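Owing to the predicted nature of the structure, the values given are computational and were not obtained by experimental measurement. Sequence lines set the chain letters: A, B, ... in the order given, protein chains first and strands last, and positions in each chain run from 1.
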2 protein chains.
Amino acid sequence: MKRKSNLTSAEQIEVFGAPDEDALFDMAELFKVFADSTRIRILYAMFETELNVSQICDKVEMTISAVSHQLRLLKQAKLVRCRREGRKAYYMLADDHVKTIIGMAKEHIEEE
Amino acid sequence: MKRKSNLTSAEQIEVFGAPDEDALFDMAELFKVFADSTRIRILYAMFETELNVSQICDKVEMTISAVSHQLRLLKQAKLVRCRREGRKAYYMLADDHVKTIIGMAKEHIEEE
DNA sequence: TGAATAGTTGAACAATTATTCAACTATGAT
DNA sequence: ATCATAGTTGAATAATTGTTCAACTATTCA
């Protein structure tokens, strides 16, 4: 895996507003999360309302295990949050960034 | 490579505004282009002004070949355009989507 | 024409990643 | 305690991808 830079903060000089290596790395990591159509489908499934894992599986037609693996990535990226209720785990979008970022992409691909 | 769906357009029924498989695939493809910190660096290099390939190489400290490969991907995704002048090829951002999409990501990672 | 500069392209290799499978934890009901 | 439900996790495999290298095209200059 490409690593974050190990420069000291003094060496991470910002020129012309270009982000430092760590920020570039984090941005790329965030985009990687969106860079898979099954994950985007999982996110869309939660657009209207929170869902538990089984409900998500039904919506996106994937195994529980596969969905659970992907939800972990989405949670790590802080794109979804999780609420436990008995044995069920309800997932929901963490904030509006998801919708905005996906919206931007949709706009770009729709322009011819 | 995961393929676009081969359903007929009649079968691609949109429910609840969720995009069809082809649109999801295209969005994921677009995000893949952003999902690499060297490509984001290349895009940032062009934020202020167009640059030829050698100038980009100097800015991002990569070989001509590596940069050229990445520029092809960026061009395919319609994120950059290319203008030839003699033996030099000047690359520039295709439109404002690049800045907007990167801006969204920057916002998300900066929020703790 | 030949040499130099600027960039592109295909093949190969290493690294990353998505899904499957099996084993596991946690909660609730009997 | 036992069983079923709900979900998580680690290992393994197959597929994808970023960089390098070498060979190539295209343009300019002498």
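A:Gln76 has its CD atom 11 Å from the P atom of C:dT17, to the nearest Å. A:Glu85 places its CD atom 19 Å from the P atom of D:dT5, with the value rounded to the nearest Å. Rounded to a whole Å, the CG atom of A:Asp36 is 11 Å from the P atom of D:dT17. If you measure from atom CG of A:Leu51 to atom P of D:dA6, you get 15 Å, rounded to the nearest angstrom.
A heavy-atom distance below 4.5 Å is not found between the side chains of B:Thr38 and B:Val67. Residues B:Leu79 and B:Leu73 fail the side-chain proximity criterion, which asks for heavy atoms closer than 4.5 Å. Counting heavy atoms from C-beta on, the side chains of B:Gln76 and B:Arg72 come closer than 4.5 Å.
Between atom CG of residue A:Leu71 and atom CD1 of residue A:Ile56 there is a gap of 5.0 Å, rounded to the nearest 0.5 Å.
Backbone-only engagement by A:Leu73 is indicated by non-hydrogen atom pairs under 4.0 Å involving sugar-phosphate atoms exclusively.
Taking side-chain N and O atoms only, A:Gln70 has a distance below 4.0 Å to OP1 or OP2 of C:dT19.
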(request) Give the B/S/- string for nucleotides 1-10 of chain C, one per nucleotide from 5' to 3', where a protein heavy atom under 4.0 Å of the base yields B, of only the sugar-phosphate yields S, and otherwise -. (result) ---BBSSBBB
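For A:Phe47 and A:Tyr44, the gap between ring centers is short of 6.0 Å.
Judged by closest nucleotide on DNA chain C, A:Met62 is the one of A:Gly86 and A:Met62 placed further toward the 5' end.
With sequence neighbours excluded, the residues that form a side-chain contact (heavy atoms from CB on, under 4.5 Å) with B:Asp95 are A:His108, B:His97.
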